[in-house]
Amino acid sequence: MPHHQIIIACRDNAEAEVLRSAAGQPSASAYHKSTTLLDHLAAAGGSFLVMTPLIMDETANGILTKVAIIQPSYSILYARHADRALNVLRLFGCGCSVILGPDELSELPAYLEPDEAYLDALVMPPFFIDDDESSLKEPPSRQACPLHVTFLGAQAMMSCANALLNIHASSAMSMACVVPRNAWAREHLIQSLGEYTLWNAQTKPLIATSCVTFCNDFNALASLEPTGQHFVICHGLMSDAENAYLDRLPACVRVFEAAREGYSEKSQTGFEAMISPERLWDILISALYAQ
């Protein structure tokens, strides 16, 4: 059974009972309006938020954004209704940890026992407030220096989603991230990518420009071998395998780590030089001009 308090956000009591039953938590508190929900989350601390796309006066996007401002939260979305209208890319970018499809509610208990270290390492950088695309333009393709960006960590999809939303698809840039393990989220993530960005999805373990490679697991991600510039962005709890991957990277690879205030870049003495998320997107684009 989950060790943390489960809080439910949904439209009515009928939906709340469905979620209580699925979670095996018959006494879990349920909230249908954002004011009371946010007040309770601010006071509770260390809670799991299980929500549907809509409550009586707010959408999942709005709830996730406000919750992230209050405190890092482990949030699970059950796409019970309005699932065809969901921008899954944006939901992950807002900080959603798990998104379950309308036919995947039986999988909910498997996501309610994350490692304590995972919860301790949750971090919400301030980029969800403004996801306007970077104003920097890439150089002409014949002059650009190719760049590949790898996203690591338990919350890697959050940084990856925001990079895809903030950086215009580039013929000289590629990205790679481990895709969510449940089928519905994988399918709708790719769908949202096509609807809301000009980036393409690549599901084979290959690097392709203007594409994000969605890998099924870390082994597939680690098998990718960038031939040009390589940046790595770390977000959330890092596994032993991911840390070992970082240790064997060439010294020329630039490594950034997500923090509450933005991102910090790794130097010889550790992570330092805190920068804003907007500045990080500009750094990625600027790297295309390197000679």
Side-chain angles (χ1 to χ4, degrees), residues 117-118 121 123 125 127 134 136-164 166-179 199 202 204-291:
Y118 176 103
V123 60
F127 48 47
S134 171
L136 285 184
K137 304 301 181 183
E138 65 175 297
S141 57
R142 66 182 181 278
Q143 300 174 5
C145 297
L147 170 67
H148 181 71
V149 185
T150 299
F151 295 87
L152 299 179
Q155 291 178 268
M157 185 50 65
M158 186 177 182
S159 279
C160 181
N162 274 278
L164 291 167
N166 282 279
I167 300 174
H168 195 275
S170 169
S171 59
M173 191 183 300
S174 56
M175 302 186 190
C177 188
V178 174
V179 77
W199 289 94
Q202 169 67 259
K204 296 179 180 179
L206 301 171
I207 293 176
T209 55
S210 299
C211 287
V212 54
T213 301
F214 288 130
C215 300
N216 289 329
D217 52 38
F218 172 72
N219 289 335
L221 184 71
S223 71
L224 301 177
E225 297 182 352
T227 56
Q229 300 179 92
H230 187 196
F231 287 10
V232 177
I233 299 175
C234 307
H235 194 153
L237 179 67
M238 298 283 289
S239 67
D240 291 343
E242 288 173 323
N243 282 318
Y245 174 86
L246 286 178
D247 289 341
R248 62 177 181 265
L249 287 174
C252 60
V253 177
R254 296 178 70 177
V255 179
F256 301 84
E257 183 178 65
R260 179 71 178 175
E261 299 79 17
Y263 289 87
S264 56
E265 183 170 4
K266 188 176 183 179
S267 68
Q268 292 182 345
T269 58
F271 285 98
E272 53 186 40
M274 188 65 64
I275 57 177
S276 70
E278 293 84 356
R279 176 59 183 152
L280 177 60
W281 313 143
D282 289 346
I283 288 173
L284 298 186
I285 297 171
S286 297
L288 303 178
Y289 287 85
Q291 297 296 323

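Remember, it's a predicted structure, so these values are computed and weren't measured experimentally. We use all heavy atoms of the structure for the numbers below, so side chains are in, but hydrogens, waters and symmetry mates are not.
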Closest non-hydrogen atom pair between [X] and [Y], with its separation:
{"X": "M175", "Y": "M173", "result": "CE-SD, 3.9 Å"}
{"X": "Y118", "Y": "Q155", "result": "OH-CG, 4.4 Å"}
{"X": "A163", "Y": "F151", "result": "CB-CZ, 3.8 Å"}
{"X": "P125", "Y": "M158", "result": "CD-CE, 4.3 Å"}
{"X": "M157", "Y": "V179", "result": "CE-CA, 4.4 Å"}
{"X": "V123", "Y": "G236", "result": "CG1-N, 4.3 Å"}

Using a 3.5 Å distance criterion without hydrogens, assess whether the side chain of [X] forms a donor-acceptor pair with backbone atoms of [Y].
{"X": "H148", "Y": "E225", "result": "no"}
{"X": "Q202", "Y": "A208", "result": "no"}
{"X": "W199", "Y": "I167", "result": "yes"}

For residues 241-251, please give each side-chain donor-acceptor pair under 3.5 Å, one per line with the distance, not counting sequence neighbours.
from	atom 1	to	atom 2	distance (Å)
E242	OE1	S239	N	2.9
E242	OE1	S239	OG	3.4
E242	OE2	G153	N	2.9
N243	ND2	S239	O	3.3

Quick one: are [X] and [Y] in side-chain contact, heavy atoms under 4.5 Å?
{"X": "F256", "Y": "S159", "result": "no"}
{"X": "E265", "Y": "I275", "result": "no"}
{"X": "L152", "Y": "L221", "result": "yes"}
{"X": "I233", "Y": "L280", "result": "yes"}

Extract all donor-acceptor atom pairs below 3.5 Å that involve side chains of residues 209-218 and protein atoms in other chains or at least two apart in sequence.
from	atom 1	to	atom 2	distance (Å)
T209	OG1	S171	O	3.4
S210	OG	S170	O	2.9
T213	OG1	L206	O	2.6
D217	OD1	N219	N	3.3
D217	OD1	A220	N	2.9

*Got a sec, which residues hit side chain to side chain contact (heavy atoms under 4.5 Å, CB included) with A259, two or more places apart in sequence or on another chain?*
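For A259, the residues satisfying side chain to side chain contact (heavy atoms under 4.5 Å, CB included) (neighbours in sequence not counted) are E261, M274.
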
_Checking A121 now: which residues fulfil side chain to side chain contact (heavy atoms under 4.5 Å, CB included) with it, not counting sequence neighbours?_
L237

*asked:* Distance check, rounded to the nearest 0.5 Å: C252 atom SG versus F231 atom CZ?
replied: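 CZ of F231 is found 10.0 Å from SG of C252.
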
